[in-house]
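Atoms within each ligand, like the ligands themselves, are counted from 1 in listed order.
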Amino acid sequence: MRCTVFGTGYLGATHAACMAELGHEVIGVDIDAGKVAKLESGEVPFFEPGLREVLRRNLEAGRLSFTTSYEEAAAFADVHFIGVGTPQKSGEFAADLSHVRAVIEALAPLLTRPAVIVGKSTVPVGTAAELAARARDLAPAGDEVEVAWNPEFLREGFAVHDTLKPDRLVVGLERARKGQAERLLRELYADLVSDGVPYIVTDLATAELAKSAANAFLATKISFINAIAEVCEVADADAVELSDILGHDPRIGRRFLDSGLGFGGGCLPKDIRALMARAGELGANQALHFLREVDSINMRRRARMVELTRQTCGGSVLGARIAVLGAAFKPGSDDVRDSPALNVAGQLQLEGAAVTVFDPQAMDNARRVFPTLGYGVGAVEACSGADVVLVLTEWPEFRELDPGEVGRAVRLREVLDGRNCLDRTAWESAGWRYQRLGSTS
Ligand SMILES: NC(=O)c1ccc[n+]([C@@H]2O[C@H](COP(=O)([O-])OP(=O)(O)OC[C@H]3O[C@@H](n4cnc5c(N)ncnc54)[C@H](O)[C@@H]3O)[C@@H](O)[C@H]2O)c1
Ligand SMILES: O=c1ccn([C@@H]2O[C@H](COP(=O)(O)OP(=O)(O)O[C@H]3O[C@H](CO)[C@@H](O)[C@H](O)[C@H]3O)[C@@H](O)[C@H]2O)c(=O)[nH]1
């Protein structure tokens, strides 16, 4: 079958390549000509393990191409996925839907025959119905245009796996029209469904809300354990051991119970805020009030890390040399959107510290967002002359560092483990003072 994917960022490029991997003919469309040129030449414009191989294989097979031309894309297929960004609006909690709306405004007038527009971007509940009405108004094919919502649950770092082996496929359809959208999407995903992936058909609002709810749940789970970690610090308990104990209960589960610096990235923080904003607009102001607390527990982790650094430096970081290992919001990604690590690095620099950052993948993105921070050429080099070393993203490279070697580079052997990822005994045996969030000892 044929399809297009509008937006070729973390989600869209992965979706386009993986749809081609399933045997479909796919065109990826983006307004960023540089990104399109890179993808066309077989280069992924961001770090995502395994994506380059899938991209190249399908470019070579002639099933996949990229363009900036909406005309080309509209003429090519009758199923059009939307995977453009829905960032937080500046100064408010709500989602900025301008990119999604821009796709509809430009694509719909080109739809001269029956077509299905399938949203994958994360949007506030109610968006799809509004877009459907607008698309039908603008399209020459009018009533023959359907909108479906097929939210995406992939994790960065596992994007290819999560797209080809998802936990579930959710397809929200317009209530009055379960026509071609249902049929075409079943056909597109037939191989996944025959592999046993649950395929759940629902209405537009439930599909949109399922995505927001999933991220709100994950954020809540992380903030829950971080709130408990705050108590651990004052009660002389150990947050990591506590997570392990809770995780044995299958009703709770160990995943997403890693306390530490909290959640960041281009999804969880903005999605819980957008969900609160939309619930408020719909009159359910009280329902999600607790998400404010989830958000503030999360932001407090960053403040606590800064405070711990200050304490370690004798009350002030003014003039201190601080090494920050990690810039990406999590390992396995070069994404620095709302990165807790960079946020802490930036705060410490504002307080007068000389901060040197190193990350195995996110250096270019970090430099773009925080050009005034110092950057090292390697983890050990970044620690050169440091008064304190902060490990803020749990890259395997950092877990495997030799504490003896790092110890020879620093001025003082002080390490703060923001992600509970280091082997404490090994660092202490090499003469380091080891501290982390969620424990006083
Ligand atoms: N990143 C993830 O892991 C992930 C996972 C699930 C869902 N999502 C959701 O997917 C959406 C996209 O996220 P992302 O991380 O891929 O964003 P991104 O910023 O990496 O990519 C968005 C892309 O859309 C392009 N674009 C913007 N306007 C366009 C237009 N009018 N026409 C064509 N292309 C246009 C941009 O140039 C960019 O390449 C968001 O709603 C996000 O919440 C993301
Ligand atoms: O126990 C944990 C697990 C995660 N994190 C942090 O939480 C953030 C988000 O991690 P993760 O969810 O793995 O990353 P994303 O790639 O942002 O994926 C989330 O956001 C995507 C976009 O909506 C969804 O598709 C995914 O299902 C959802 O997991 C990162 O900063 C992690 O460091 C913790 O602090 N503790």
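In this structure, Arg113 places its CZ atom where more than 12 heavy-atom neighbours from other residues, nucleotides or ligands lie under 6.0 Å away. Counting heavy atoms of neighbouring residues, nucleotides and ligands inside a 6.0 Å radius, atom CZ of Phe290 exceeds 12 of them. Atom OH of Tyr70 has more than 12 neighbouring heavy atoms from other residues, nucleotides or ligands inside a 6.0 Å radius.
The pair Glu144-Arg136 does not count as a salt bridge, with every side-chain nitrogen at least 4.0 angstrom from each carboxylate oxygen. Comment: Arg419 does not engage Asp258 in a salt bridge, judged by the lack of any side-chain N to carboxylate O separation of less than 4.0 angstrom.
Contact annotation: for Lys211 versus ligand 2, heavy atoms closer than 4.0 Å belong to the side chain alone. Of all the heavy atoms of Ile225, none lies under 4.0 Å from any atom of ligand 2, so neither backbone nor side chain is involved. Neither the backbone nor the side chain of Thr393 has a heavy atom within less than 4.0 Å of ligand 2. Using a 4.0 Å cut-off between heavy atoms, Lys270 contacts ligand 1 through its side chain alone, with no backbone atom that close.
Distances shorter than 4.0 angstrom occur between a heavy atom of Arg419 and an atom of ligand 2. Residue contacts with ligand 1 include Arg337, since one or more of its heavy atoms lies under 4.0 Å from the ligand. Put simply, no part of Gly260 is less than 4.0 Å from ligand 2, judged by heavy atoms.
Across the listed options Glu156, His15, Glu152, Glu156 owns the non-hydrogen atom lying nearest to atom 1 (N) of ligand 1. Evaluated by nearest non-hydrogen atom to atom 13 (O) of ligand 2, the leading choice among Glu152, Lys221, Lys330 is Lys330. Proximity annotation for atom 36 (C) of ligand 1: of Asp32, Thr14, Asp30, Asp30 comes nearest, heavy atoms only. Taking all heavy atoms of Tyr70, Tyr10, Phe46, Phe153 into account, the minimum distance to atom 32 (N) of ligand 1 is reached by Tyr70. Nearest-heavy-atom check against atom 9 (C) of ligand 2 across Asn298, Asp338, Leu268 picks out Leu268. Distances from atom 9 (C) of ligand 1 to the heavy atoms of Asp96, Thr122, Leu39 show the closest one on Thr122. Among Asp258, Leu11, Asn215, Thr86, the residue whose heavy atom lies nearest to atom 36 (N) of ligand 2 is Asp258.
Of all protein heavy atoms, the one lying nearest to atom 35 (C) of ligand 1 is Val84 CG1, 3.3 Å. Of the protein's non-hydrogen atoms, the one nearest atom 20 (O) of ligand 2 is Cys267 CB, 3.3 Å. Residue, atom and distance of the protein heavy atom nearest to atom 21 (O) of ligand 1 are Gly9 CA, 3.2 Å. From the protein, the heavy atom lying nearest to atom 40 (C) of ligand 1 is Thr86 OG1, 3.5 Å.
Inclusion of Lys211 in the set of residues having an N or O under 3.5 Å from an N or O of ligand 1 is not warranted. Of the N or O atoms in Leu11, one or more lie within a sub-3.5 Å distance of an N or O in ligand 1. Geometrically, ligand 1 and Arg155 share no nitrogen or oxygen pair separated by less than 3.5 Å.
The side-chain tip of Arg168 does not point at the ring of Tyr199 from less than 6.0 angstrom away and within 45° of straight on.
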Item to check | side-chain contact (heavy atoms from CB on, under 4.5 Å) evaluation trace for Leu390 with Val344 | outcome: CA-CA 10 Å; Leu390 274 57; Val344 168; 4.0 Å; yes
